[in-house]
Amino acid sequence: MQMQKMSKINYWLLKSEPEVYSIDDLKKDKKACWEGVRNYQARNFIKSMKKGDLGFFYHSNANPSGIAGIIKICKEAYPDYFAFDKKSKYYDEKSSPDNPRWFMPDVCFVKKFKNIIPLNLLKEDKNLKGMELFKKGSRLSIQPVSEKHFKYICKHYAQTQF
DNA sequence: GCCAACGTTGGC
DNA sequence: GCCAACGTTGGC
């Protein structure tokens, strides 16, 4: 029997406006730091990400908005140094290298889905009831996804097995 | 572009 | 600690 080291991975959903940074950009870059999250709840999720965790790359404010592909966490949370840069739009005077307030992971490109899975389609799916993404007014740009939902979406909408 | 929902700020 | 004012997110 094969012994496999099973450290349980977590699943996430990361929003980005494709006009700012899209799945195609990540595909080209292969790897990117996920800077600019300035919300405490989202930051706390970032801090709990583990190397090897998987996530959906979600296009927000898009046509259509929806899940565009899959990423992997390839570096765990470290200080978001854009907050230290006065010229950055993510600058925050309350964050300093000594006492950083904001963190970011590095993410790696895993897969781009053939088609974006649009939000309205996901919303209609009874198997996905309760997803954070659907909560009214939910603006969390980083959110956890259950293993069940993650795998279901991969399999059912993207013919992808994880 | 509209606007509902939410988070943050700051006066008191 | 309350809450009004304001800014932002993000679907539509």
Side-chain angles (χ1 to χ4, degrees), chain A residues 10-29 32-49 53-73 76-146 148-150 152-154 156-158 160:
Chain A
N10 289 306
Y11 301 89
W12 308 96
L13 181 144
L14 293 76
K15 295 183 187 172
S16 177
E17 301 193 19
E19 303 233 325
V20 178
Y21 196 81
S22 72
I23 186 91
D24 289 317
D25 294 321
L26 183 62
K27 187 175 183 182
K28 185 155 52 72
D29 296 342
C33 55
W34 202 267
E35 80 279 9
V37 173
R38 296 290 177 270
N39 168 286
Y40 290 105
Q41 212 182 338
R43 179 202 66 182
N44 293 342
F45 284 133
I46 283 177
K47 282 184 159 181
S48 66
M49 287 173 169
D53 283 358
L54 294 171
F56 287 132
F57 194 124
Y58 181 85
H59 282 180
S60 63
N61 258 320
N63 246 319
S65 291
I67 296 174
I70 294 174
I71 58 95
K72 182 183 278 189
I73 304 302
E76 293 176 15
Y78 59 103
D80 179 343
Y81 50 78
F82 290 79
F84 312 145
D85 178 3
K86 278 198 173 130
K87 281 179 289 216
S88 169
K89 68 167 179 166
Y90 298 124
Y91 175 67
D92 181 354
E93 58 172 7
K94 289 175 181 142
S95 188
S96 68
D98 286 345
N99 189 16
R101 175 177 290 201
W102 305 115
F103 291 80
M104 60 184 173
D106 284 350
V107 303
C108 292
F109 176 81
V110 173
K111 187 179 183 66
K112 177 188 174 180
F113 292 154
K114 274 207 188 70
N115 304 296
I116 297 232
I117 310 167
L119 176 63
N120 62 359
L121 202 65
L122 297 169
K123 266 184 177 166
E124 285 168 11
D125 193 323
K126 289 194 181 67
N127 292 301
L128 297 174
K129 256 170 100 177
M131 265 188 88
E132 173 70 32
L133 186 62
F134 309 151
K135 288 201 181 131
K136 209 174 178 184
S138 167
R139 293 162 30 179
L140 259 186
S141 62
I142 307 281
Q143 43 186 267
V145 175
S146 73
K148 188 172 136 236
H149 287 164
F150 192 93
Y152 172 79
I153 290 170
C154 289
H156 193 262
Y157 290 96
T160 301

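Bear in mind that the values here come from a model prediction, so they are computed numbers and not experimental data. The chains referred to below are lettered A, B, ... by the order of the sequence lines, with proteins before strands, and numbering in each begins at 1.
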side-chain hydrogen bond (donor to acceptor under 3.5 Å, both in side chains) involving Asp125(A) - partner list, sequence neighbours excluded = Asn127(A), Tyr152(A), Tyr157(A)
inquiry  = Going by the rule side-chain hydrogen bond (donor to acceptor under 3.5 Å, both in side chains), which residues pair with Tyr11(A) if we only count those two or more places apart in sequence or in a different chain?
reply    = none
ask   = Just wondering, do Leu26(A) and Phe57(A) contact through their side chains at under 4.5 Å, heavy atoms?
value = yes
ask   = side-chain hydrogen bond (donor to acceptor under 3.5 Å, both in side chains) with Trp102(A): which residues, sequence neighbours excluded?
value = Asp92(A)
Nearest-nucleotide 5' precedence on DNA chain B, Asn61(A) against Arg38(A) = Asn61(A)
inquiry  = Taking the nucleotide of DNA chain B with the nearest heavy atom to each, does Arg101(A) or Ser138(A) sit closer to the 5' end?
reply    = Ser138(A)
ask   = Under a criterion of less than 4.0 angstrom to any heavy atom of chain A, what are the 5'-terminal and 3'-terminal contacting nucleotides of DNA chain C?
value = dG7(C) to dC12(C)
Distance-only donor-acceptor hits, side chain of residues 103-123 of chain A, under 3.5 Å, sequence neighbours excluded:
from	atom 1	to	atom 2	distance (Å)
Asp106(A)	OD1	Tyr78(A)	OH	2.5
Lys112(A)	NZ	Asp24(A)	OD1	2.8

inquiry  = Suppose the criterion is side-chain hydrogen bond (donor to acceptor under 3.5 Å, both in side chains): which pairs have a residue in residues 59-68 of chain A, not counting sequence neighbours?
reply    = Glu17(A)-Asn61(A)
Results of ring-ring contact (aromatic ring centres under 6.0 Å, His included) for Phe134(A) - residues two or more places apart only = none
note = Contacts of Tyr91(A) meeting side-chain hydrogen bond (donor to acceptor under 3.5 Å, both in side chains) (sequence neighbours excluded), chain-then-number -> none
message = Quick check on contacts: within residues 124-137 of chain A, what sits under 4.0 Å from DNA chain B by heavy-atom distance?
response = Lys136(A), Gly137(A)
